[in-house]
K.L.:
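There's a structure below that I have some questions on.
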Amino acid sequence: MAELPVLIRDTFRQKQYTLAQSTYALYYSPERESVLRTMADAIYDYGRVAVFTPVGPHGMVDLAAKFGDVPAAVYDSLDFAPTRLTPMFRELFWDVRVDYFQSVMRVTSLSDFMDFYRATTYFSEAAVTELEDYARREIEATGAVTYEKNGYLIQGSARR
């Protein structure tokens with residue numbers, strides 16, 4: 001993402017777009033503000049920038065935190081949209097729209113649940129046994145491990 005200005009300038013044939021979007025990615029960049037400004041610069045006057053990120057509460061993160069340490073960067077990603085992304089959008093665009101998505105995840109397979117946990121950025125080998133025991137008990141008792149996983153979609157248009 002840090003290379004985006006160079007890519008648009010030197011590599012991409014098309015230099016302006018009707019939509020520049022990022023889904024579950026911008027908050028990973030150490031150059032968040034620069035990338036967002038590049039996205040905004042790359043849209044036509046009538047174009048739009050859309051960014052989707054996770055937002056709290058996030059039940060899987062909360063659950064993982066009961067059994068092991070969750071890196072600060074994970075909490076930062078959940079806080080990124082409302083505290084830093086929204087002010088940046090309000091600075092860049094006249095029209096800003098925010099949609100909040102609330103999802104309830106229901107995982108009925110212990111192996112699926114553990115595979116998902118192993119694929120997260122907050123996976124901790126030290127937490128596996130306790131978390132797996134918890135998930136097994138939940139599935140046996142209720143038929144699933146259930147948790148919230150929420151998202152934040154922000155869209156900006158009418159560049160300032």
Side-chain angles (χ1 to χ4, degrees), residues 1-4 17 19-40 42-43 47-157:
M1 278 190 255
E3 308 273 328
L4 188 59
Y17 305 87
L19 172 65
Q21 71 94 33
S22 168
T23 301
Y24 283 104
L26 183 60
Y27 56 93
Y28 286 119
S29 175
E31 307 284 335
R32 296 168 174 173
E33 187 170 331
S34 173
V35 171
L36 180 61
R37 288 184 187 286
T38 299
M39 291 169 71
I43 62 170
R48 177 171 48 109
V49 173
V51 177
F52 190 86
T53 72
V55 68
H58 192 300
M60 182 67 153
V61 172
D62 296 340
L63 182 58
K66 291 179 182 180
F67 302 103
D69 293 330
V70 172
V74 172
Y75 293 110
D76 178 65
S77 72
L78 296 174
D79 194 44
F80 170 61
T83 62
R84 292 192 302 289
L85 191 59
T86 299
M88 285 190 279
F89 264 72
R90 296 207 185 284
E91 176 189 327
L92 292 170
F93 303 101
W94 288 107
D95 297 323
V96 176
R97 175 182 171 164
V98 173
D99 292 291
Y100 183 75
F101 295 86
Q102 297 173 297
S103 301
V104 175
M105 307 302 292
R106 181 171 156 63
V107 184
T108 59
S109 161
L110 180 60
S111 62
D112 288 350
F113 179 81
M114 294 307 297
D115 286 348
F116 178 75
Y117 174 62
R118 283 184 177 89
T120 67
T121 58
Y122 45 92
F123 171 75
S124 168
E125 189 66 47
V128 167
T129 301
E130 287 186 87
L131 183 59
E132 189 170 32
D133 288 344
Y134 168 84
R136 182 179 292 107
R137 288 191 308 272
E138 278 295 302
I139 291 169
E140 288 171 0
T142 67
V145 178
T146 305
Y147 57 92
E148 285 183 82
K149 183 177 180 187
N150 301 310
Y152 192 98
L153 172 63
I154 186 165
Q155 299 178 73
S157 58

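Since the model is a prediction, treat every value here as computed from it, not as a measurement.
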K.L.:
Side chain to side chain donor-acceptor pair (under 3.5 Å) with S109: which residues, sequence neighbours excluded?
P.N.:
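In terms of side chain to side chain donor-acceptor pair (under 3.5 Å), with neighbours along the sequence ignored, S109 is linked to S111.
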K.L.:
Looking at every heavy atom in both M39 and A50, which two are closest together, and how far apart are they?
P.N.:
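Here M39 and A50 meet closest at CE-O, 4.4 Å.
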K.L.:
Looking only at non-hydrogen atoms, find the nearest pair between L78 and P54 and report the distance.
P.N.:
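Looking at all heavy atoms of both residues, the closest pair is CD2-CB, 3.8 Å.
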K.L.:
Among all residues two or more places apart in sequence or in another chain, which pass the side chain to side chain donor-acceptor pair (under 3.5 Å) test with E31?
P.N.:
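Partners of E31 by the side chain to side chain donor-acceptor pair (under 3.5 Å) criterion come out as none, since no residue qualifies.
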K.L.:
State, yes or no, whether a side-chain contact exists between F116 and M105 at a heavy-atom distance under 4.5 Å.
P.N.:
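Contact flag for F116/M105 side chains = no.
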K.L.:
Quick one: list whatever passes ring pair (Phe, Tyr, Trp, His ring centres under 6.0 Å) with Y27, sequence neighbours left out.
P.N.:
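None.
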K.L.:
What pair of heavy atoms forms the shortest contact from A144 to R106, and how long is it?
P.N.:
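In terms of heavy atoms, the two residues are closest at CB-NH1, 2.9 Å.
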K.L.:
Under the side-chain contact (heavy atoms from CB on, under 4.5 Å) test, which residues partner F101, sequence neighbours left out?
P.N.:
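Scan of F101 (side-chain contact (heavy atoms from CB on, under 4.5 Å), adjacent residues dropped) gives F52, D99, L153.
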K.L.:
Are the side chains of P82 and V55 in contact, using a 4.5 Å heavy-atom criterion?
P.N.:
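SC-SC contact between V55 and P82 confirmed.
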K.L.:
Please name the pair of heavy atoms, one in G47 and one in S157, separated by the smallest distance, quoted to 0.1 Å.
P.N.:
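Residues G47 and S157, closest heavy atoms: O-CB, 3.5 Å.
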K.L.:
Does anything in residues 81-92 pair up under salt bridge (Lys or Arg N to Asp or Glu O under 4.0 Å), and if so which pairs, sequence neighbours excluded?
P.N.:
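For residues 81-92: R37-E91, D76-R84.
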K.L.:
Do the non-hydrogen side-chain atoms of Y117 and V107 ever get within less than 4.5 Å of each other?
P.N.:
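Heavy-atom side-chain distance check fails, nothing below 4.5 Å.
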K.L.:
Go through the structure and list residues passing side chain to side chain donor-acceptor pair (under 3.5 Å) with Y152, not counting sequence neighbours.
P.N.:
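Here the qualifying residues are T86.
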K.L.:
Which heavy atom of G143 sits nearest a heavy atom of T108, and at what distance?
P.N.:
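Result for this residue pair: O-CG2, 3.4 Å.
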K.L.:
Salt bridge (Lys or Arg N to Asp or Glu O under 4.0 Å): which pairs involve residues 117-126, sequence neighbours left out?
P.N.:
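Matches after skipping sequence neighbours: none remain.
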K.L.:
When you look at I154 and F93, which way does the side-chain contact (heavy atoms from CB on, under 4.5 Å) test go after all the steps?
P.N.:
CA-CA 11 Å; I154 186 165; F93 303 101; over 6 Å; no
K.L.:
Is any side-chain heavy atom of V128 less than 4.5 Å from a side-chain heavy atom of M114?
P.N.:
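Side chain of V128 against side chain of M114, heavy atoms only: contact under 4.5 Å found.
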K.L.:
Under the side chain to side chain donor-acceptor pair (under 3.5 Å) definition, can you give me all pairs with a residue in residues 127-147, not counting sequence neighbours?
P.N.:
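Found D133-R136.
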K.L.:
Would K149 count as a cation-pi partner of Y24, with NZ or CZ less than 6.0 Å from the six-membered ring centre and within 45° of the ring normal?
P.N.:
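Cation-pi check for K149 and Y24: passes.
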K.L.:
Please list all pairs meeting side chain to side chain donor-acceptor pair (under 3.5 Å) that have one or both residues in residues 62-75, counting only residues at least two apart or in different chains.
P.N.:
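Pairs touching residues 62-75 that pass the test: none.
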K.L.:
Looking at OH of Y28 and OG1 of T53, how far apart are the two atoms once the value is rounded to the nearest 0.5 Å?
P.N.:
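These two atoms lie 11.0 Å from each other.
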K.L.:
Does V74 offer a backbone N or O that forms a donor-acceptor pair with the side chain of S77 under 3.5 Å?
P.N.:
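Yes, because the side chain of S77 sits within donor-acceptor range (under 3.5 Å) of the backbone of V74.
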K.L.:
Kindly indicate whether the side chain of L85, heavy atoms from C-beta on, has any atom under 4.5 Å from the side chain of L26.
P.N.:
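Yes, close enough: below the 4.5 Å cut-off.
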K.L.:
Any idea which heavy atoms bring L110 and A135 closest together, and the distance?
P.N.:
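Shortest heavy-atom separation between L110 and A135 comes out as CD1-CB, 3.6 Å.
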K.L.:
State which residues pass side chain to side chain donor-acceptor pair (under 3.5 Å) with T23; sequence neighbours excluded, sorted by chain then number.
P.N.:
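Scan of T23 (side chain to side chain donor-acceptor pair (under 3.5 Å), adjacent residues dropped) gives Q21.
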K.L.:
Using the side-chain contact (heavy atoms from CB on, under 4.5 Å) criterion, which residues pair with P87? Sequence neighbours excluded.
P.N.:
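Partners of P87 under the side-chain contact (heavy atoms from CB on, under 4.5 Å) test: none.
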K.L.:
Just so I know, are the side chains of I139 and V145 near enough to count as touching, which here means a heavy-atom distance under 4.5 Å?
P.N.:
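Side chain of I139 against side chain of V145, heavy atoms only: contact under 4.5 Å found.
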